[in-house]
Visitor: 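Once you've had a glance at the structure underneath, I'll fire off some questions.
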There are 2 protein chains.
Amino acid sequence: MTLVDWTARFQGTAALPRDVRDRLQRSAQTVRYAAGKSVFGPSNIPDSLMFLVDGTIRVSQTSENGRDIVLYRVEAGESCVLTTACMLAEEAYNAEGIAETDVTAIILPRTSFDQLVSEEPAFRSFVFAAYSRRLIDLLRVVDDVAFGRIDVRLAERLLGLARDDQDIATTHQQLASELGTAREVVSRVLQDFAKRGLISQTRGHVTLTDRAGLRAIAQS
Amino acid sequence: MTLVDWTARFQGTAALPRDVRDRLQRSAQTVRYAAGKSVFGPSNIPDSLMFLVDGTIRVSQTSENGRDIVLYRVEAGESCVLTTACMLAEEAYNAEGIAETDVTAIILPRTSFDQLVSEEPAFRSFVFAAYSRRLIDLLRVVDDVAFGRIDVRLAERLLGLARDDQDIATTHQQLASELGTAREVVSRVLQDFAKRGLISQTRGHVTLTDRAGLRAIAQS
DNA sequence: ATCCTTCAGTGATATTGTCACCCAAACCGA
DNA sequence: TCGGTTTGGGTGACAATATCACTGAAGGAT
């Protein structure tokens, strides 16, 4: 898939001017990452912009003492502005992007990116919107972490992660990393949920047995 | 001050093309806010971009139950991208900008902003850099709130807020709002600092008496 | 089977947040 | 100048969350 196709598919923009288009065809490249691979990180600073065609990238931050927190996820049709931010600010940051599923993306060198931004208003608004969405995502994270209760946050995540069969294949440690807390804390809250009949657990699995009950907790 | 002057002063860019310049002179306006006034907020969504000429804007987030946390400050020469983000994402957010000192700013209607971004590469990079800086600021806030100890964070803030005379005119409540914690917590930590000879307190004032000691705490 | 790694459970303790107060300093009008 | 009022700060009890140091169980590998 080319970047032109990508913009057409996800942004609904009309075809770009032919000369822009030709430049893009030449400069954009498709890359793939297997699930679990690091897409970018402190030790792996990209010099290109990424546009996700398929899959999910989980962006999380790791503390000195090894605790994690998930900042947001990049889905197909979105771009990963944090890499841009890093490139532009040329500042160290400790966020890392991990391919949560197999990932296909288009990368665009910075010079081409600059051109496209200047010449295509639709692309430009897309980029600004992407930045805006991330800023707002982060505001939400700050709000949750600073003021939220973990039982509420955990209930939210469980509802968000559950498939139709209500089963979530995850460990307590992974859930703790989602929320930026410790495994023991998650274990205790899940035990409480189980005692109240909201979920059931086996090793490596959480099954939702009362979504309505969880929603009640998530909303408080 | 015009926006053209502003870019020259803070961005070091050469004069803009004459036609762009003329458009700007016509569309940009200077606004002033007295210290303490709300510059933007959930109930006061701006439709223009702001560029700070003088003063400081404190951007903070308020939780349901009234606790605050300071996200970052906008200083002279910077722009407030959160308003942009809000405009573009057209999503609700609960951050608010308060003039911390008397503030002078230039506002630019959105259409003019779009034009300038598309026509002036230097301005465009400025805007991207502004976004990037805020993203990184927020990463820092997330890290602090999720993983930091309050004594460490409080020591950092005290060092950052102190003037040369080592005196800070602030209340415990204000410090609590900086960190997103409760007043009682700040009171107790400050008492501990005072007991250890790092600070002294009077009503409405904190005086640093041992900066080195505070730095030692701030680094841990 | 037996080891071995990963996952989960638990008690003790530290840190931080919440609640319900109290008291004192500064402010303000009469 | 007095007395009331507002604001800032102190305190104890308790709740929520984090940390530490373990334990044992589940499931995979040899």
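Owing to the predicted nature of the structure, the values given are computational and were not obtained by experimental measurement. Residue numbering restarts at 1 for every chain, and letters A, B, ... go by the order of the sequence lines. What you see below is based on every heavy atom in this structure, not just the backbone, and it leaves out hydrogens, waters and symmetry mates.
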Visitor: E184(B) near the nucleic acid: base, sugar-phosphate alone, or nothing, with a heavy-atom cut-off under 4.0 Å?
Guide: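 Result for E184(B) = base.
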
Visitor: Taking the side chain from T209(A) and the backbone from I199(A), do they hold a donor-acceptor pair closer than 3.5 Å?
Guide: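 Yes; judged by distance alone, with no hydrogens or angles, the pair exists.
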
Visitor: Check this one for me: any side-chain N or O of Q191(A) less than 4.0 Å away from OP1 or OP2 of dT10(C)?
Guide: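 Q191(A) to dT10(C) OP1/OP2: side-chain N or O found under 4.0 Å.
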
Visitor: Just to be sure I understand the rule, does R153(A) reach a base, reach only the sugar-phosphate, or reach nothing, if contact means heavy atoms closer than 4.0 Å?
Guide: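 Result for R153(A) = nothing.
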
Visitor: For R183(B), answer base if it contacts any base atom (sugar-phosphate contacts may also be present), sugar-phosphate if it contacts only those atoms, and nothing otherwise; contact means non-hydrogen atoms under 4.0 Å.
Guide: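 Since a base atom lies under 4.0 Å of R183(B), the category is base.
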
Visitor: Do Q201(B) and H172(B) have a side chain donor and acceptor closer than 3.5 Å?
Guide: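 Per modelled atom types, Q201(B) and H172(B) side chains form a pair under 3.5 Å.
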
Visitor: Atom CZ of F147(B) and atom P of dT16(C): how far apart are they, to the nearest Å?
Guide: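 Result: 15 Å.
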
Visitor: Side chain of R188(B) only, heavy atoms from C-beta on: which candidate in dT17(D), dG17(C), dG8(D) is closest?
Guide: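 Minimum distance to the R188(B) side chain belongs to dG17(C).
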
Visitor: Quick one: label I150(A) by what it contacts on the DNA or RNA (base, sugar-phosphate, nothing), any heavy atom closer than 4.0 Å.
Guide: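 Sugar-phosphate: the residue I150(A), judged by heavy atoms under 4.0 Å, touches backbone atoms but no base.
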
Visitor: Find the distance L175(B):CG to dG9(D):P and express it as a whole number of Å.
Guide: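 So the two atoms are 9 Å apart, to the nearest Å.
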
Visitor: Checking salt bridge (Lys or Arg N to Asp or Glu O under 4.0 Å) between E178(B) and each of R153(B), R183(B), R73(B), R58(B), which is the one that passes?
Guide: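 Testing E178(B) for a salt bridge (Lys or Arg N to Asp or Glu O under 4.0 Å) against R153(B), R183(B), R73(B), R58(B) leaves exactly one candidate, R73(B).
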
Visitor: Any idea which of dA16(D), dT19(D), dG9(C) is nearest the R67(A) side chain?
Guide: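 Per side-chain heavy atoms of R67(A), the pick is dT19(D).
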
